[in-house]
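A short worksheet on the structure shown next.
Only heavy atoms go into these numbers, but all of them, side chains included; no hydrogens, no water, no symmetry mates. In this text, all values refer to a predicted model and were calculated from it rather than measured experimentally.
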Amino acid sequence: MARRLSLALPLSLLLTLLLASSCRPKGAAAGQELYAVTRGALDITVLASGSVETARSTNILQKVGKPAKIVTIVPEGTLVTEEDVAKGTVLVQFDAKDMEDQLYERQTAYENAQASAVTAEETLAIQISDNESNVRKAELEVLYAHSDLRKLVGDQLAATFSDQEPQDIPALLNDPSLDGTAKLNLTTYLSDIELAQTKLNRAEQTLEYTRKLYEKQFVSKNDYENDQLDVQSQSKSLEATRGKYEIFRRFDFEKDFQKAWATWQESRRSLERAQANAKIRLTTAESKLRTAKQTLAQAKKRLEEAQEALKNCTITATMTGMVVYPKLPRWDNSGPIQPGKEIRNEQVVFTLPDLSQMQVKVSIPEAQIDLLEVAQSARITLDAIPGKTFSGKLSSKGILPSAEDEWLNPDTKVYTVKIDFDESGSHLRPGMTATVEILIRRLEDVLFVPIQAVQTDGEGRHRCILANGESRLVSLGERNRSFVEVRQGLAQGEQILMCPPEASGEQEEKGEAAGGEETAP
């Protein structure tokens, strides 16, 4: 108690209090210690217990991707040095057999996906070449068919009936814009008819001349008959020529035109089909290539995951610190961290705390949490280092109640508060039990007495017993864990019992009758 008072009171006042407490008036009960009501500064604090931890630490997680069994692990408390980091010292080794099998399977799948992707790329290239050839061939067919139609009837008529077949094809022979082989054949047939007609006319003139000579007996009958046969021959030749002309006009030209026009139209449709098929085949080949590439990318990702999982079966030193095993929650009965224990994926294997900055983690009841503010000063004592007090500051307080404590005790809500040490050293270790006294405020120039010197009666009134045995009603103010502020009822220097006996109801009434100057609470 003397050490605690020395933090808030001057040394001279402390000596006075000690001297006063050693003096016992005649009215004091035998063996009772006295306390002189003190005026001075009173620190209002919140007291809590917790454990020391590091303000910054790195959690080393199991990242194999599935539960894995520990084969070897460094003991808790091992110091990881810069030399360990440089050498890549193994800290944890997990069973890697399943990861090796998985890596082999995914390596095979990746190689198959690579082959499929190469095949799809080559297939696409071949398909592009085939499409170009097929479309070009169809384009040439259109060009040739159109050329045949133009050759048959000329450019003008071919352009006129490029999309719609004429209703009267033979009438095209009378069209003045007719050209090409049809016009040439038409001209030839007409010339042949004209020539045959001329030959027939000459043969008839010759026969008429021969007939007159034959009647006058100037030519023989044989000559006359030969001229008759020549007329008949030329007549039949004229008839045959006219027949060919009619066949050309009624049949041959129409057939040739329909064939040329239909061939051109069909070649145009073939070109459209070739272009559509080329587009479909190209889309299909591109889709297969995309699928193959996606499969390859997925296989590569799964392979990299398997490689990373196998790599993560071995945890090496990458930073300095002290190995600290995690504290398992009460509901976890899987046992401590040790070889043979199976660790879940993403579970903390151990922690590497930064010992250069330490803090204390405490739980504060909800009735006191609003008294605390960040940056408030605190005094810290450690069970492992008795007789030494450390200073610190409140660095954070929880906004919501602690879920873990609420799960364990639903009726009690506490908030997590952290206090940073002002100075850290090698003597501080994570897990040490600490008591923290957080300074809320300092009351200047107030009267205060020890908490144990105050009695509370059945009606909730507070009393102090003076050295002469008088019971005095007092009005109290704020308090800390040792002292309480007295607002009314006592004066500075008055002697009171440190540990007053339990007062009966009769003594209280008697005391009230005697103490006419008592102050109501």
Side-chain angles (χ1 to χ4, degrees), residues 63 65-66 99-167 169 172 177-182 253-312:
K63 293 186 177 182
K66 58 188 295 187
M99 297 301 103
E100 292 173 350
D101 294 342
Q102 177 178 267
L103 178 61
Y104 174 76
E105 293 175 358
R106 295 187 178 182
Q107 179 68 38
T108 302
Y110 174 71
E111 292 174 356
N112 291 337
Q114 267 188 322
S116 298
V118 171
T119 301
E121 287 182 351
E122 295 297 332
T123 301
L124 176 61
I126 293 173
Q127 189 62 61
I128 292 174
S129 178
D130 287 345
N131 289 345
E132 292 176 352
S133 298
N134 293 335
V135 171
R136 181 56 181 166
K137 181 178 179 182
E139 289 174 344
L140 290 176
E141 292 295 334
V142 172
L143 181 63
Y144 296 155
H146 191 227
S147 178
D148 289 342
L149 182 61
R150 291 166 52 212
K151 177 182 177 183
L152 179 63
V153 295
D155 293 338
Q156 188 172 351
L157 283 180
T160 302
F161 302 103
S162 60
D163 297 323
Q164 185 176 3
E165 184 179 8
Q167 296 181 353
I169 296 177
L172 297 178
S177 60
L178 178 68
D179 201 356
T181 57
F253 173 71
E254 185 174 3
K255 181 188 72 173
D256 293 343
F257 182 86
Q258 288 179 338
K259 182 178 180 180
W261 190 85
T263 300
W264 183 43
Q265 298 301 319
E266 181 61 27
S267 66
R268 294 170 68 183
R269 288 190 289 269
S270 297
L271 175 59
E272 293 175 355
R273 289 194 297 270
Q275 291 172 338
N277 289 333
K279 186 176 181 179
I280 292 173
R281 293 184 182 120
L282 179 62
T283 301
T284 302
E286 290 175 342
S287 177
K288 290 182 178 180
L289 178 59
R290 283 195 302 271
T291 302
K293 287 184 176 180
Q294 291 173 356
T295 303
L296 177 61
Q298 185 178 11
K300 182 179 180 181
K301 181 180 179 180
R302 290 172 59 82
L303 175 61
E304 291 173 350
E305 289 175 351
Q307 293 171 339
E308 186 68 17
L310 181 60
K311 178 182 177 182
N312 291 336

Considering residues at least two apart in sequence or located in another chain, which fulfil the salt bridge (Lys or Arg N to Asp or Glu O under 4.0 Å) criterion with [X]?
X	result
Arg150	Asp155
Asp101	Lys97
Arg268	Asp163
Glu105	none

Can you give me every donor-acceptor pair (side chain of residues 113-129, partner residue at least two apart or in another chain, under 3.5 Å) with its distance?
{"from": "Gln114", "atom 1": "NE2", "to": "Tyr110", "atom 2": "OH", "distance (Å)": "3.2"}
{"from": "Ser116", "atom 1": "OG", "to": "Asn112", "atom 2": "O", "distance (Å)": "3.1"}
{"from": "Thr119", "atom 1": "OG1", "to": "Ala115", "atom 2": "O", "distance (Å)": "2.9"}
{"from": "Thr123", "atom 1": "OG1", "to": "Thr119", "atom 2": "O", "distance (Å)": "2.7"}
{"from": "Gln127", "atom 1": "NE2", "to": "Asn131", "atom 2": "OD1", "distance (Å)": "2.8"}

### side-chain contact (heavy atoms from CB on, under 4.5 Å) evaluation trace for Gln265 with Trp261
CA-CA 6 Å; Gln265 298 301 319; Trp261 190 85; 3.6 Å; yes
### Message
By the salt bridge (charged side-chain N to carboxylate O under 4.0 Å, His left out) test, which pairs, at least two apart or in different chains, include something from residues 272-291?
### Response
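Matches after skipping sequence neighbours: Glu266-Arg273.
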### Task
Can you run down the salt bridge (charged side-chain N to carboxylate O under 4.0 Å, His left out) pairs that involve residues 128-141, sequence neighbours left out, and say none if there aren't any?
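The answer is Arg136-Glu139.
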### Asn134 side-chain N/O to Ala274 backbone N/O, donor-acceptor pair under 3.5 Å
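No.
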Set of side chain to side chain contact (heavy atoms under 4.5 Å, CB included) partners for [X], sequence neighbours left out:
X	value
Lys311	Glu308
Ser177	Gln156, Leu157, Asp175
Ala145	Thr263, Trp264, Ser267
Gln258	Glu165, Ile169, Glu254

Within this structure, what is the [atom1]-[atom2] distance for the pair [X] and [Y], rounded to the nearest 0.5 Å?
X	Y	atom1	atom2	answer
Leu282	Leu289	CG	CG	10.5 Å
Leu310	Met99	CG	CE	8.5 Å
Asp256	Leu152	CG	CG	6.0 Å
Leu149	His146	CG	NE2	6.0 Å

### Message
Show every ring pair (Phe, Tyr, Trp, His ring centres under 6.0 Å) that has at least one partner inside residues 274-297, sequence neighbours left out.
### Response
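Residue pairs with at least one partner in residues 274-297: there are none.
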### Test side-chain contact (heavy atoms from CB on, under 4.5 Å) applied to Phe253 and Leu172, step by step
CA-CA 9 Å; Phe253 173 71; Leu172 297 178; 3.9 Å; yes
### Query
Do Gln107 and Glu111 get their side chains close enough for a donor-acceptor pair, meaning under 3.5 Å?
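The criterion, which ignores hydrogens and geometry beyond distance, is satisfied for Glu111 and Gln107.
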### Message
Walk me through whether Val153 and Leu178 qualify under side-chain contact (heavy atoms from CB on, under 4.5 Å).
### Response
CA-CA 6 Å; Val153 295; Leu178 178 68; 4.2 Å; yes
### Query
Can you name the closest pair of heavy atoms from Leu103 and Leu303 and give their distance?
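Minimum heavy-atom contact is CD1-CD1, 3.6 Å.
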#### Entry: Closest non-hydrogen atom pair, Arg302 against Arg106
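Smallest interatomic distance, heavy atoms only, reads O-NH1, 3.0 Å.
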